[in-house]
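Chain naming here is simple, since letters A, B, ... match the order of the sequence lines and numbering starts at 1 in each.
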2 protein chains.
Amino acid sequence: MARKRSEQLTDGEQGIMEILWERGESSVKDIAGALAAEKPVAYTTVQTMCKILAEKGHADFRKEGRAFIYRARMSRTEARQSALKNLLNRFFGSSPELLAQHLMRETDIELKDLEALQKKIDETD
Amino acid sequence: MARKRSEQLTDGEQGIMEILWERGESSVKDIAGALAAEKPVAYTTVQTMCKILAEKGHADFRKEGRAFIYRARMSRTEARQSALKNLLNRFFGSSPELLAQHLMRETDIELKDLEALQKKIDETD
DNA sequence: GTCAACCTACTAACTAATTAGTTTTATTGA
DNA sequence: TCAATAAAACTAATTAGTTAGTAGGTTGAC
């Protein structure tokens, strides 16, 4: 038997989504160009990955002349939310307090920073 | 070309680690029994996964009579820290504030809960 | 001593993920 | 028109991950 296709973005998938979020609609060529800045990658590799992203529903595409133009269906915020939820359930028994505790321990974040954030959130609501 | 073996715990791996964290040292039989409570799983499947966990360095084993007894090498806290750091870098541009913001938006966590946590952390230091 | 159970080692099957080459098709400029 | 070019479609190779069957050895019970 075999594994299920993961719901979460894989590394490669995320690389492309990152570019779509950054640049908005992009052709395969654009994406390949942007990715190549980090690490050389074949055009056809990018094509394949874009096709998979579309199959998985993370991206959309339309034809413009010869080329396919891809567009993110999931927003960056949604992706963050989903990844965070996943982590929360998988590692922290769905306890946001536990996660917050680890975050405070591990990073240099301070309660006063959080208070400022909370205020900002309250204001924007 | 093919993919790299992931540093992060996979789903299956985590299931076993979870049991090792819960129960401490466990034989394959123990682990299989505990896993079966959730979802039927073949004994040999568990064996294979334990072997892989050991290969990856996440678990240790020793022989006791005929059986192998497995033990987690990484603590649950370390795993949490590592997963959290991973999420932080991958999705939140290494900004703990951004992550905290999403956590507060998404969950029902309250500042006063965090204050209690902070107090606890300060006391135990 | 034999037999059942128990356990590991080996093997296998199959999908996902990653990377990229080859083939086909369509556009466009000379 | 026709060749160059660009892009998609198709194909392929390889490793990871998941699940489990089979073979073979130990050992304890009777």
Side-chain angles (χ1 to χ4, degrees), chain A residues 1-19 25-71 79 83 86 90, chain B residues 1-19 25-71 79 83 86 90:
Chain A
M1 251 168 265
R3 59 189 303 210
K4 283 191 287 289
R5 216 162 195 181
S6 104
E7 277 302 304
Q8 286 289 112
L9 291 173
T10 67
D11 266 31
E13 285 165 6
Q14 207 199 345
I16 291 181
M17 292 302 281
E18 216 69 64
I19 287 163
E25 287 197 335
S26 305
S27 68
V28 175
K29 192 179 181 179
D30 291 337
I31 299 169
L35 282 178
E38 299 267 330
K39 168 170 120 57
V41 61
Y43 186 93
T44 48
T45 302
V46 181
Q47 269 188 326
T48 305
M49 303 228 286
C50 285
K51 215 182 57 185
I52 290 172
L53 269 178
E55 277 168 20
K56 290 192 178 178
H58 298 317
D60 246 347
F61 60 89
R62 63 187 170 79
K63 209 155 195 171
E64 191 177 283
R66 286 166 287 173
F68 282 172
I69 308 292
Y70 284 88
R71 184 175 64 80
N86 193 261
R90 257 168 68 94
Chain B
M1 251 167 266
R3 56 190 303 207
K4 286 190 287 290
R5 217 161 194 182
S6 102
E7 276 303 303
Q8 286 288 112
L9 291 173
T10 68
D11 266 31
E13 284 165 8
Q14 206 198 343
I16 292 181
M17 292 301 282
E18 216 69 63
I19 287 163
E25 286 198 336
S26 306
S27 68
V28 175
K29 191 180 182 178
D30 292 337
I31 299 169
L35 283 178
E38 299 266 331
K39 167 170 119 61
V41 62
Y43 188 92
T44 48
T45 301
V46 180
Q47 268 188 326
T48 305
M49 302 228 286
C50 287
K51 215 183 56 185
I52 289 172
L53 269 177
E55 277 168 19
K56 290 193 178 177
H58 298 317
D60 248 348
F61 62 89
R62 62 186 171 79
K63 209 154 195 170
E64 191 176 284
R66 286 166 287 171
F68 282 173
I69 308 292
Y70 284 87
R71 185 174 62 79
N86 194 260
R90 258 168 67 95

Quick one: on DNA chain D, does B:K4 or A:K63 contact a more 5' nucleotide (nearest heavy atom)?
A:K63
Nearest non-hydrogen partners of A:V41 and A:A32, listed with the distance:
CG1-O, 4.2 Å
Round to a whole Å and report the spacing from CG of B:D11 to P of D:dA16.
18 Å
Without decimals, in angstroms, what is the distance between A:K51 NZ and C:dT18 P?
15 Å
Determine whether A:F68 and A:K63 make a side-chain contact, defined as any pair of heavy atoms from C-beta on separated by less than 4.5 Å.
yes
Without decimals, in angstroms, what is the distance between A:E64 CD and C:dT27 C1'?
15 Å
Separation of B:L53 atom CG from D:dA16 atom P, in whole Å?
15 Å
Taking 4.0 Å as the cut-off, does a side-chain nitrogen or oxygen of A:Y43 come that near to OP1 or OP2 on C:dT19?
no
In B/S/- notation, 5' to 3', how is nucleotides 21-29 of chain D contacted by protein heavy atoms closer than 4.0 Å?
BB---BS--
A:E55 has an atom CD; how far is it from atom C1' of D:dC10, in whole Å?
13 Å
Please report the closest heavy-atom contact between B:S27 and B:I69, naming both atoms and the distance.
CB-CD1, 3.9 Å
Distance check needed: D:dA16 C1' versus B:E7 CD, whole Å only.
14 Å
For A:K29, I'd like to know if atom NZ has over 12 heavy atoms of other residues, nucleotides or ligands within 6.0 Å.
no
A side-chain contact here means heavy atoms from C-beta on lying under 4.5 Å apart; do B:D11 and A:R90 qualify?
yes
Whichever of A:F68 and B:K39 has the more 5' nearest nucleotide on DNA chain D, that residue is A:F68
OP1 or OP2 of C:dT18 versus the side-chain N and O atoms of A:T10: is any pair under 4.0 Å?
yes
Please determine if a side-chain N or O atom of B:S6 lies less than 4.0 Å away from the OP1 or OP2 oxygen of D:dG17.
yes
Of all the choices, C:dT8, D:dG17, C:dT19, which nucleotide is nearest to the side chain of A:M49 once you look at every atom?
C:dT19
Residues A:Q8 and A:E13: closest non-hydrogen pair is O-OE1, 4.0 Å
At less than 4.0 Å, is any side-chain N or O atom of B:R5 found next to OP1 or OP2 of D:dT15? Yes or no.
no
For atom NZ of A:K56 and atom P of C:dT15, their distance in whole Å:
16 Å
When the distance from CD1 of B:I69 to P of C:dC6 is rounded to whole Å, what number comes out?
15 Å
Give a yes or no on whether A:E55 atom CD has more than 12 heavy-atom contacts from other residues, nucleotides or ligands under 6.0 Å away.
yes
